[in-house]
Structure formats: structure tokens, C-alpha cells
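Shown next, in C-alpha cells, is the structure this report addresses.
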Amino acid sequence: MYQIVPVAPGEQQLPGEAGGSPLKKKLGNEGRPLVLSGMLGCVLVLAAVVAWCYYSASLRKAQLLKTELLDLNKDGFIIHNQAGAVLFSMAFRSGTLDLDSCSKEGNILSCTQSNSGKINFFIQTVRLKNTVMCYRVRWEELQDKCLVEHVMAYNDSHWYGGAETATQYWPIRIQGEEEPQPFITSDVYSNRKAFGGILERYWLSSNATAIKINDTVPFHLGWSERDRTLRFQARYEDSPFRPPEGQPAFPELSYRVCVGSDVTSIHKYMVRRYFPKPIKAPSPEVFKKPLWSTWALYKTAVTQEKLLRYASDITKHGFTCSHLELDDRYTADYGEFDFDPQKFPNASGMFEKLREDGFQVSLWTHPFINYDSINFGVAVEKGLFVREPSGELPALVRWWNGIGGILDFTNPETREWYSSHLRLLKSRYDVASFKFDAGETSYLPRQFSTLVPLSDPSTFTRRYTEMAIPFSERAEVRVGYQSQNISCFSRIIDRDSVWGYELGLKSIIPTVLTISILGYQFVLPDMIGGNAYPNRTAGVLDGKNGLPDRELYIRWLELSAFMPAMQFSIPPWAYDKEVVEIAQKFTELHETLVAPRVLELAGEVLDTGDPIIRPLWWIANEDEAAYKIDSQFLIGDDLMVAPVLEPGKQERDIYLPAGRWRSYKGEHFDKGPMYLTDYPVDLDEIAFFTWVH
């Protein structure tokens with residue numbers, strides 16, 4: 001090995017020079033930097049090679065952590081469109097992935113370690129058709145860890161779905177900071193911060209993204225207004241959820257995220273794939289003619305005499321009736337299944353008279369038996385109640401009418417006992433159907449046991465709604481969880497007789513749109529004018545014995561006429577002749593204009609699950625304005641309704657999506673989208689527009 005070293009001018013190497021020549025000495029001194037330079041060069045080359053290898057490995061890892069428009073990192077994942085814009089982002093809040101444990105096989109990207117230990121994590125990509133891409137995500141802890149939490153960002157889009165709530169907005173408004181709470185059915189009339197009686201683990205966004213949380217997840221939901229996020233959490237600790245019998249309490253958070261070409265088509269896809277459909281539509285009579293309830297008018301003071309007078313007044317004032325609904329309280333004690341002889345001395349004669357006059361009657365029922373009822377001892381002896389955790393004693397619960405036991409509908413014997421009493425009432429008095437009240441898990445004890453253990457407490461809600469199936473022609477329930485196929489009317493929770501968004505008139509459209517998106521299409525929007533509860537009624541200072549405000553009642557009536565079904569309790573004749581005339585006008589309009597279209601759509605629901613009452617974005621999904629409108633709605637695709645929902649107003653702003661529209665006054669509008677500002681709507685009118693093909 002030799003090296004060529006350049007020689008300076010005037011210097012020659014002299015052979016045989018003892019002790020080393022001056023040239024050698026000079027070379028020795030000058031060679032050190034050159035050697036160092038060479039070594040440094042080698043190091044730099046080596047570093048470059050290492051960097052290139054690392055870069056190549058990083059590229060390979062980056063490619064590994066990408067799958068069909070989804071990018072995964074240790075802290076979460078994002079889904080983007082072909083142009084690179086972010087459509088959906090989820091952060092891993094409870095832990096981070098160890099990316100070195102990740103691998104990719106086919107369309108499945110999986111990891112086995114997090115920063116806290118062993119996990120089973122995967123994202124599976126499923127391209128279902130050209131316009132829909134879905135991602136199955138699962139994070140399962142394989143050792144003792146109390147929770148898994150992922151956080152979904154809003155990404156400047158509008159979100160819909162989830163649950164009925166007391167203060168209902170459309171789209172969802174994130175307000176405040178809320179720690180994740182059990183996502184289970186609750187009575188939002190009594191607990192106004194809870195999730196409502198109708199809920200599904202499903203959300204939909206305006207950027208054509210939908211998420212469905214799996215049924216097996218012990219699911220808790222929270223949110224942050226500051227961060228504009230929804231918090232999805234799985235846990236068993238300090239929770240009513242229980243792991244399946246024989247399985248360790250390791251939490252698992254799993255869900256599907258699907259992305260489509262537009263919000264309407266992705267929703268249609270999700271409903272067809274993940275929601276059960278009704279097997280038949282309820283009775284056409286209920287869609288056509290109003291039902292009349294005793295509740296808001298008489299409360300628990302209803303009697304045989306009052307019911308007969310109510311029926312007589314309906315006929316006298318020229319109204320039709322699908323059926324009369326005899327509400328609380330016709331029994332002597334709660335939990336009994338026959339008439340109180342003091343209040344209804346001749347129940348058989350009463351039913352006979354009502355039949356002669358052309359009335360069918362439904363009865364109120366519920367899942368409670370109070371401790372002072374004769375049936376309480378029977379239910380204890382037969383083991384029909386939900387029990388304390390030990391399973392030895394029935395659990396006592398408090399509900400709005402006292403203290404008692406709650407029937408265990410996971411028990412076949414309970415189901416048969418309860419059904420047999422309803423069948424007996426039906427056959428003895430020719431009862432048309434039943435109003436199934438309550439059913440929320442919030443009426444279960446905090447700790448309880450059922451004959452069939454419930455991993456998810458809301459399964460109790462599902463089991464209760466199944467009791468309505470034999471009576472579904474005219475039955476109504478007020479709860480729903482995975483029960484879209486029950487095929488009866490879903491009543492939204494009791495409304496207060498007020499104007500606002502908290503269980504008032506303004507809450508009706510957002511609530512109906514929300515539960516429609518959740519797959520419950522046969523909607524009963526509660527009683528016209530609200531329930532007239534003391535201290536929750538606008539306008540009671542006008543000396544009308546606690547009646548709802550007259551203007552509120554009229555505007556409520558007009559809105560209800562364009563819903564799938566109408567329900568009166570406080571009658572129009574409680575006010576004056578003009579209110580009666582307006583009510584007659586709108587019940588007729590409902591029967592002639594609205595009901596035929598609704599019945600046609602109700603038939604389609606059986607195949608598609610598509611909403612009867614639709615948001616404006618259903619036909620205008622590229623229109624940003626349509627995503628935020630909560631005071632207008634569509635019946636099908638071609639009838640748009642814009643009620644007046646403000647006191648003292650006889651005009652309103654109306655948004656017309658693109659297309660040709662004809663107003664109820666005969667005007668034509670064909671240059672949309674457009675706003676009609678201060679559009680005049682008299683007290684006896686509701687604005688509606690028909691799509692002109």
C-alpha cells in the first residue's frame with residue numbers, strides 16, 4: 001500500500017540520509033492533518049450511509065404506517081382525501097403506540113406494544129365500493145389498564161347524531177368541558193345533562209365521514225369545547241358496564257370510520273349496513289289522524305266521566321281521531337292491570353260507549369310495580385324483578401310515581417307475565433294498543449343483577465321496547481337502542497310549554513332530525529303545546545288556568561301538522577273559536593297533504609331506513625348554509641317546511657337550496673340558493689315549499 005504525496009518545489013529526497021531526512025520529518029508533520037481528513041471523510045461517508053439507511057428505513061416505516069389515505073403515527077391517525085385535505089383525525093389520549101412493534105400484512109396494519117405494555121391494535125382497510133372506504137379500528141389492552149381513550153377532532157366540520165338530549169341543537173354544539181360519562185339511555189326530563197332515551201353509537205359529519213362505535217365497547221362519551229373534540233372512552237372501572245362473563249376486565253375501544261363522496265350517500269350506506277330496519281309501518285290511521293291523550297289536560301286526575309266528555313268534545317268540535325290515549329292514572333296502584341273502580345266504575349260500559357262513538361283507546365303502561373301494589377308480592381314470589389347485585393333480593397328503585405321494583409325483561413317468565421296482562425286488557429276491553437312509558441337505564445339501580453347478565457345496561461332498554469312488538473300498529477315507546485326494527489312510533493321525551501331549545505318548541509326539529517339520523521323514522525313529536533307542567537309553561541300569567549301561551553300553542557300545532565303524526569292533549573277549544581278553526585285547518589292539511597307523502601316514505605323506510613323528516617343538506621350537500629339550518633326541514637326530497645318558532649313574529653328568514661321551488665302561496669323561486677328575508681307568515685300560516693321538477 002502506498003501513498004503519493006506531492007513534493008514542494010526545491011525539495012528532493014536524498015537517499016541514505018541518517019536519522020531520517022528533513023523531508024521525512026516535514027512529511028510526518030504535514031501528514032497528520034491529511035490522515036485526520038481521510039478519517040473524517042470515512043466517518044462522513046459512514047454517517048451518510050447510516051443516514052441513508054435510516055432514511056430508507058424511515059421511508060419504509062412511513063409507507064408501512066400508511067394505508068389507503070390513512071396515516072398512522074404513535075399519537076393517532078388521520079384520514080385525508082385524494083387532494084391531501086384532512087377529513088378525519090383521531091388522537092390516542094390514553095397511550096402511544098410503539099411503532100417498532102407495528103407491521104403490515106395486506107390491508108391490516110397492526111401493533112403489539114404501547115408505551116405502557118402489550119396491546120392488540122389494528123386498523124383494517126375495507127374498500128366496500130368505489131365511493132366508500134371504511135377503516136376498522138381496534139385498541140385492546142392485554143394487561144391491567146383501567147381505560148382506553150381516543151379523541152376525535154371536529155376538523156371544522158358539522159357533526160350530527162349520538163343521542164336525544166334535553167337541550168338539542170342541530171348540528172351538535174360542544175359546550176363546556178365534560179369528562180366521559182356512560183353512554184346509556186336516561187330520562188332527560190328529570191336529568192337534563194344526561195344522554196336521552198333514544199341513542200345510538202353513531203355520528204355523521206358534513207365532510208362525508210361517519211363513525212360507529214362497536215356494540216361490545218364499554219362506551220363513555222365526553223367532550224371539550226376548548227379543544228373542539230369528542231372523547232371516546234372504554235372502561236369498566238367506575239362504570240355500569242360489565243365485561244362478558246368469564247372474560248377479564250381489559251377495556252377495548254373499537255369502531256368503524258367510513259368516508260364517502262358526500263354526507264347523504266355515506267349516511268345511506270351506514271344505515272343500510274349497520275342499523276336494523278322496521279319490518280312494517282304502523283297503522284296508516286295514526287299517520288293520517290291525530291291521537292288525543294288525556295295526560296297534559298287531566299294529568300293523574302283522569303276519570304271515566306272526563307274521558308267520555310273528552311271524546312264527546314272531540315266529535316262535537318269536528319275533529320278526527322286515530323285513537324284516544326288513556327294515560328296515567330287509571331289503576332288504583334302502580335303495577336296493576338285493571339281499572340280503579342272509584343275512578344272508572346263501569347270500564348266495560350265506557351269502552352262500549354267509546355266504540356259506538358267510533359273511538360279506539362290505547363292505555364298507558366310502564367315497567368314498575370310499586371311496593372304498595374297487590375302485584376308487588378306476586379312479582380317477588382315469581383322472581384320477576386331486577387335484583388340487587390347478590391341476586392337474592394329485588395332491588396327497589398325510585399321513579400316519578402313512587403318506589404317499587406322494576407321488571408326484569410331479560411327474564412322470559414317476566415316477559416310472559418307482563419305480556420299476558422297486556423293481552424288480557426286488550427281482549428277484555430278491546431284495547432287498541434299501549435303507550436310504553438319509561439324504559440331508560442337511569443331507572444335501574446346503580447348496582448343490579450338480571451337473570452341474563454347485561455354487559456351494556458342499555459340492552460335493558462332494548463328488551464323493554466320488544467314488549468311493544470305485538471301491539472306495534474298503534475303502540476308508542478319513548479326509548480330506543482338498537483331497536484329501529486320495533487316498528488312502532490318513537491315519542492320524543494316530554495316537552496315543556498316554552499319556546500326555547502331546552503325541551504321547548506325550538507327543540508322539536510333538532511330532536512326529530514337527530515333521532516331520524518339514528519334510524520327511528522316513525523316519530524311522534526309529543527303533545528301540541530307541550531305538557532303544561534307547573535313552572536315550565538310560558539304565558540301562564542294570562543289567567544287561562546295554566547294553559548300554554550296561545551301563540552305558542554298555535555305555532556306548535558302548525559309544526560306538528562308537518563310531522564309524521566299529530567298528538568293533541570290540551571284541546572284547541574280550551575282557547576277560543578279562532579284556535580279551533582286554525583286547528584281544524586291544519587289537521588285537514590295534515591291528512592290531505594302531509595300524510596299521503598309520509599305514508600309513501602314510511603313504506604320506503606322498510607327497505608332503506610332513510611329518514612322521513614330530512615335535513616336541508618340531504619338535497620344540498622355542497623351547500624355550507626344547509627348544514628347549519630335547524631328551523632327548517634324536508635319531508636322526503638320535495639316538500640320543505642319553515643315554521644315560525646319565535647314569539648311575536650309574523651315573518652321569518654327562509655333559506656331555499658338550489659332548485660326550483662313553489663311556495664304555498666303560489667310564488668315561484670328558481671334562482672337559488674337564496675335567502676327570503678322577513679318572509680311574511682301570518683299567525684294562521686306555516687311556510688312550506690314544493691320542489692318543482
Side-chain angles (χ1 to χ4, degrees), residues 65-67 69-80 86-99 101-102 108-126 133-143 145-155 157 159 161-163 172 174 177-183 195 200-205 207 209-239 241 249-259 270 274 456:
L65 300 180
K66 288 178 181 290
T67 175
L69 304 179
L70 180 146
D71 297 345
L72 175 69
N73 61 53
K74 67 182 179 64
D75 299 311
F77 64 89
I78 63 168
I79 301 170
H80 51 84
V86 173
L87 297 176
F88 182 90
S89 57
M90 187 76 86
F92 305 146
R93 182 167 178 150
S94 55
T96 58
L97 292 175
D98 176 357
L99 297 183
S101 75
C102 299
I108 299 177
L109 203 164
S110 60
C111 307
T112 58
Q113 292 281 336
S114 73
N115 62 330
S116 60
K118 287 186 178 180
I119 59 168
N120 173 21
F121 172 86
F122 71 77
I123 297 178
Q124 180 181 15
T125 307
V126 184
M133 178 78 76
C134 288
Y135 305 89
R136 292 178 57 215
V137 183
R138 179 186 179 98
W139 182 307
E140 180 185 14
E141 291 292 334
L142 298 179
Q143 57 193 49
K145 186 172 181 180
C146 62
L147 61 86
V148 179
E149 183 176 329
H150 294 178
V151 178
M152 184 185 79
Y154 254 45
N155 288 325
S157 58
W159 285 85
I172 296 169
I174 295 180
E177 309 297 310
E178 187 68 38
E179 288 297 310
Q181 303 296 323
F183 193 69
F195 304 115
E200 297 293 335
R201 303 168 169 202
Y202 172 69
W203 287 266
L204 175 72
S205 90
N207 62 9
T209 308
I211 182 167
K212 176 83 167 59
I213 310 295
N214 286 358
D215 299 343
T216 54
V217 175
F219 181 52
H220 299 67
L221 177 67
W223 55 83
S224 169
E225 181 180 8
R226 180 187 62 246
D227 300 333
R228 289 192 55 74
T229 56
L230 288 180
R231 299 172 59 185
F232 299 147
Q233 190 182 92
R235 74 170 192 261
Y236 291 112
E237 193 174 284
D238 188 30
S239 167
F241 291 93
F250 296 160
E252 162 234 324
L253 182 58
S254 56
Y255 48 88
R256 286 171 167 81
V257 180
C258 293
V259 181
M270 296 297 284
Y274 297 118
D456 178 352

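This chain uses plain numbering: 1 for the first residue, then up along the sequence.
- Using modelled atom types and a 3.5 Å distance limit, the side chains of S205 and W203 yield no donor-acceptor pair.
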Report task. Show the numbers, then the answer: is there a side chain to side chain contact (heavy atoms under 4.5 Å, CB included) between V137 and F121? Result -> CA-CA 8 Å; V137 183; F121 172 86; 4.3 Å; yes

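- Looking at Q143, its side chain does come within 3.5 Å of a backbone N or O of S116 through a donor-acceptor pair.
- For D456 and R201, the salt-bridge test passes: some basic side-chain N is under 4.0 Å from an acidic carboxylate O.
- Using bins of under 30°, 30° to 60° and over 60° for the plane-to-plane angle, the ring pair W159/Y154 lands in the tilted bin.
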Query - Trace of the side chain to side chain contact (heavy atoms under 4.5 Å, CB included) decision for F232 with I211 - result: CA-CA 11 Å; F232 299 147; I211 182 167; 3.5 Å; yes

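- Not counting sequence neighbours, the partners of F241 by the ring-ring contact (aromatic ring centres under 6.0 Å, His included) test are H220.
- Taking each heavy atom of E149 and S94 in turn, the nearest pair found is N-OG, 2.9 Å.
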Report task. Please assess F88 against V259 for the test side chain to side chain contact (heavy atoms under 4.5 Å, CB included), listing each intermediate value before the final yes or no. Result -> CA-CA 9 Å; F88 182 90; V259 181; 5.6 Å; no

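- With respect to E140 and R138, a salt bridge is recorded, a charged nitrogen being found less than 4.0 Å from a carboxylate O.
- Between R228 and N155, the side chains place no donor N or O within less than 3.5 Å of an acceptor N or O (distance only, hydrogens not considered).
- Using the six-membered ring where Trp is involved, W139 and H150 have ring planes that are perpendicular, over 60° apart on the 30 and 60° scheme.
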Query raised in the report: Could you go step by step and tell me if E178 and R231 meet the salt bridge (charged side-chain N to carboxylate O under 4.0 Å, His left out) rule?
Result: CA-CA 9 Å; E178 187 68 38; R231 299 172 59 185; over 6 Å; no

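- The ring-ring contact (aromatic ring centres under 6.0 Å, His included) check on Y236 picks up nothing, with sequence neighbours excluded.
- Of the possible donor and acceptor atoms, none in the side chain of N214 sits under 3.5 Å from a partner among the backbone N and O of T216.
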Query - side chain to side chain contact (heavy atoms under 4.5 Å, CB included) between C102 and L65, worked out - result: CA-CA 8 Å; C102 299; L65 300 180; 4.1 Å; yes

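- Nearest heavy-atom pair, T209 versus L87, reported as atom, atom and distance to 0.1 Å: OG1-O, 3.9 Å.
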